[in-house]
Undergrad: 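Here's a structure for you.
Below, chains carry the letters A, B, ... as their sequence lines are ordered, and counting in each starts from 1.
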There are 2 protein chains.
Amino acid sequence: MKFIPRHIPVKTGNVYIAVMTEAAAHSFDLHEGDRVVVTNLRTKKKITSILEISENHLPDTTIGILTSLWEKLDLKRGDRIKVGIAEKPQSIQYIRKKLDGGVLKDNEIDQIVKDVVAEDLSNVEMTYFVSGCYTHGLNDKETISLTKAIVRNGERLEFKDKYVVDKHCIGGVPGNRTTMIVVPIITAAGLKMPKTSSRAITSPSGTGDTMETLADVKNDAEELKKIAKHCNGFITWGGGVDLAAADDKMIRVRYPLKLDPEGMLFASIMAKKHSVSSNTVLIDIPYGPQAKVKTVKAAKVLGDKFEHIGDLLKMNLRVMISDGKQPIGKGIGPALEAIDVMNTLENNEYASQDLLVKSYTIAGTLLEMAKKAKKDKGYEMAKEILESGKALTQMQKIINYQGRKKFCGVGKFKKKVNASMSGKVIEINNKELARVARIAGAPKDPSAGLWVEAKIGDKVEKGDLLYTIYSNSKEKLNNVDDFCNKDCAYTIKPKK
Amino acid sequence: MKFIPRHIPVKTGNVYIAVMTEAAAHSFDLHEGDRVVVTNLRTKKKITSILEISENHLPDTTIGILTSLWEKLDLKRGDRIKVGIAEKPQSIQYIRKKLDGGVLKDNEIDQIVKDVVAEDLSNVEMTYFVSGCYTHGLNDKETISLTKAIVRNGERLEFKDKYVVDKHCIGGVPGNRTTMIVVPIITAAGLKMPKTSSRAITSPSGTGDTMETLADVKNDAEELKKIAKHCNGFITWGGGVDLAAADDKMIRVRYPLKLDPEGMLFASIMAKKHSVSSNTVLIDIPYGPQAKVKTVKAAKVLGDKFEHIGDLLKMNLRVMISDGKQPIGKGIGPALEAIDVMNTLENNEYASQDLLVKSYTIAGTLLEMAKKAKKDKGYEMAKEILESGKALTQMQKIINYQGRKKFCGVGKFKKKVNASMSGKVIEINNKELARVARIAGAPKDPSAGLWVEAKIGDKVEKGDLLYTIYSNSKEKLNNVDDFCNKDCAYTIKPKK
């Protein structure tokens with residue numbers, strides 16, 4: 001079947017897409033999502049592509065070729081192409097097996113991950129895989145296979161150090177920027193800590209977003225190796241490197257229904273640690289009514305599973321269960337969190353004590369796990385490193401090596417939220433607080449967010465400041481009004 | 001967010017697609033598959049669209065607009081557009097519920113089907129729905145809800161007759177063109193039989209394809225009403241009318257993994273009957289090693305379910321279990337089946353006796369169900385109608401009303417397959433026979449296919465003709481050779 005190619009200027013990464021009319025597809029018995037081999041008849045170059053069907057907009061003798069395929073085939077005006085049917089990738093049968101409740105073998109999971117990375121699976125096919133994993137779960141062996149397959153089929157940063165340290169927090173707590181305190185402490189202690197963080201998806205800021213107000217976070221693998229050599233570590237956004245590439249692609253189809261199949265969650269977290277060679281890892285599981293994990297009991301169950309998976313991966317892994325009932329620190333939103341972090345690293349009068357305590361606890365545990373500190377001496381060592389100013393110096397060094405950025409400051413408009421009555425703060429709704437920060441513009445506007453003054457247990461008088469909202473848009477600040485009730489996100493128990 | 005629209009010439013039916021660069025999407029916190037409201041700032045017209053992300057090929061200030069959206073928004077060169085975030089359709093939460101194993105309520109299923117028809121659900125979201133139905137099944141109530149929702153949200157052909165007759169065959173048997181014999185008999189008897197058939201997906205021909213060699217099968221609803229008025233019925237392809245539109249769209253995402261969730265299969269078949277007002281239905285379930293249903297036992301189980309669903313829908317429904325071990329009739333492939341059907345309607349010396357017997361059985365049962373024939377007298381009545389020539393006359397009338405086509409004839413190249421030994425035919429592999437017909441070019445080339453001479457039980461001498469393959473391509477005939485072993489698809493038990 002020979003056709004005239006027509007260039008369609010949409011670039012789709014490594015997914016190669018050809019568009020055929022309904023009539024042509026019907027006459028060749030082809031269906032949307034079928035794989036076809038497209039050959040440039042001048043150069044004889046062949047590329048397997050995914051077929052999309054368009055409603056008779058192009059002539060039947062013409063095939064639309066999206067930019068990535070057009071470039072890969074070196075197509076030029078006047079070229080002719082041939083289209084033939086391609087075999088389905090082998091992994092389709094394994095996806096079907098998982099959807100039918102089967103247990104996948106090591107090589108089967110590897111093939112799926114390979115095809116995901118090669119963009120040989122369509123979104124619909126990947127969705128069936130996610131569905132299968134979600135409905136039937138992944139057993140331990142499958143989880144380990146998936147973890148290893150993700151690492152094997154992605155980029156890696158190799159470090160030969162005996163201890164490569166990492167931490168991970170099962171999110172849901174605003175302002176929880178311990179990473180930016182812990183990495184300076186640990187790397188100042190001479191340990192390797194190559195930390196990749198995510199950006200916000202549904203929160204007002206991820207560590208990637210907060211760090212980005214201070215430094216470049218899109219460093220590539222080469223740069224990261226150099227930074228780690230000079231600074232013992234970094235705080236970067238994972239997306240600049242193709243670590244765990246398969247995971248990023250599968251997240252694309254998990255996003256529409258916000259699905260977190262447990263086995264995939266483990267594999268995703270563990271693969272990211274493995275791909276930067278981490279072997280000494282602390283998992284922080286905050287619990288609270290608005291955190292991802294609601295109760296201590298659920299946190300313990302999840303923690304046990306993490307430890308079990310860690311054992312199977314021969315990783316030195318510990319779990320810490322923490323209080324996720326209220327924000328940690330004072331800032332929420334990229335710039336405001338960055339200010340909070342820098343105050344805390346400086347240990348000045350504005351330093352957030354709760355952020356300090358949590359960071360010492362995490363850093364202390366990691367120092368003990370990596371045999372830098374004796375048992376029960378880690379917390380003290382972490383505190384000493386911070387109080388000596390070494391952690392701050394280390395953070396400045398990391399910022400300089402990643403590429404210092406001009407700080408954007410906080411939003412030019414602000415709005416104070418004051419207590420509507422006198423009494424005691426007994427509850428703070430993290431989700432609502434995060435929503436206020438997002439309505440104010442975070443994380444798209446890094447200057448937007450809020451600064452928390454009152455925490456749970458604080459006694460407040462009527463009119464006392466609970467928190468201040470910052471935004472660069474008056475309209476957005478007004479939108480917050482529409483949303484907020486009195487004491488927005490706060491519950492105050494009145495004085496008797 | 002204001003943007004410059006750029007037209008991307010791909011037409012996607014009623015799915016409206018806007019393409020944003022990765023960088024722009026990131027800065028607005030948008031993800032692939034998000035719904036956005038696109039507004040033409042000149043006309044203020046707004047359309048909810050699905051967002052696709054392209055890798056920085058367009059400038060960040062430009063948004064690619066696919067043809068359907070471009071036209072719907074009346075966009076012109078120089079226009080500017082605004083993009084805002086749209087709410088997710090409500091049905092997303094019901095899809096999630098099904099995927100979590102929940103039982104969907106009537107209104108929830110209706111909302112999903114409504115959103116499917118309105119193209120408000122992306123392929124990934126529809127895939128999750130199919131996965132949920134596949135893994136957790138649909139109970140009777142859900143199946144009925146789905147059936148009714150598909151009918152409610154699609155086009156309908158209303159007939160007021162007391163009996164509107166229909167038949168359906170659970171495929172897998174080549175050459176099984178009883179529909180084209182039964183419809184002429186039933187309509188000649190004065191009963192209404194508005195028959196919509198499918199085209200081949202994996203077989204060498206569907207009734208839609210076979211009928212199309214004789215008459216137009218793409219008639220729209222208006223035409224079909226007129227044809228039914230004059231002829232009491234028709235034999236058309238369902239795709240020309242938007243009957244069961246939701247079903248067609250869901251089949252799109254079932255296709256890549258060839259998933260047939262049972263509840264969806266029932267709903268699909270029943271909705272198609274309902275949408276043409278059928279109330280008197282015979283379901284033919286052939287069983288055999290290569291049919292969709294393998295054993296009598298499995299056929300009975302499926303039959304019971306059909307009868308149960310029929311009861312719940314207050315449909316007069318009967319099930320017939322038939323032998324699907326070998327082809328019915330002699331022709332396989334569109335034109336060859338049409339020849340076979342016309343010979344049989346003419347009841348001439350080439351008429352296929354097995355096709356006649358099966359057609360009389362089906363038509364007879366339907367005549368009894370619709371009270372045209374007394375109990376056990378239907379078969380005889382069907383036979384009389386055919387033998388009198390009335391069915392043939394009726395078929396010619398239907399062909400003329402649908403729009404007679406010039407018959408293409410059989411392929412100009414042929415190849416005979418002869419018995420390699422003397423003995424008795426004890427098995428015919430339907431799947432292999434179908435594959436031979438497809439390799440020869442069917443159904444793309446309607447002249448391609450084969451003509452079967454020997455059936456199970458026939459005694460053959462070495463060199464006797466088993467079947468003849470027809471094709472318009474010598475190359476394709478040679479391909480058959482590469483594939484065929486001796487006695488291709490036939491098993492002959494040698495004489496002792």
Undergrad: Given heavy-atom pairs under 4.5 angstrom as the criterion, report whether the side chain, backbone, both or neither of A/Val253 touches chain B.
TA: both

Undergrad: Between A/Thr62 and A/Phe3, is any pair of side-chain heavy atoms under 4.5 Å apart?
TA: no

Undergrad: Below 4.0 angstrom, N of the basic side chain to O of the carboxylate: do A/Glu125 and A/Arg96 qualify?
TA: no

Undergrad: Report yes if the side chains of B/Glu108 and B/Gln93 come closer than 4.5 Å at any heavy-atom pair, otherwise no.
TA: no

Undergrad: Non-hydrogen atoms of chain A under 4.5 Å away: do they reach the side chain of B/Val19, the backbone, both or neither?
TA: side chain

Undergrad: So, B/Ser54 and B/Thr21: side-chain donor and acceptor under 3.5 Å apart, yes or no?
TA: no

Undergrad: Which answer fits A/Leu99, side chain, backbone, both or neither, if we ask what part of it has an atom under 4.5 Å from a heavy atom of chain B?
TA: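 Looking at A/Leu99, backbone and side chain both touch chain B.
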
Undergrad: Any idea which of A/Ile95, A/Ile8, A/Val130, A/Leu259 has the most non-hydrogen atom pairs under 4.5 angstrom with chain B?
TA: A/Leu259

Undergrad: Shorter than 4.5 Å, heavy atoms on both sides: which option in A/Lys258, A/Arg252, A/Arg199 has the most such pairs with chain B?
TA: A/Arg199

Undergrad: Apply the test side chain to side chain contact (heavy atoms under 4.5 Å, CB included) to residues B/Leu121 and B/Ser91: give CA-CA distance (whole Å), side-chain angles for both, the deciding distance (0.1 Å), then the verdict.
TA: CA-CA 8 Å; B/Leu121 290 173; B/Ser91 51; 3.6 Å; yes

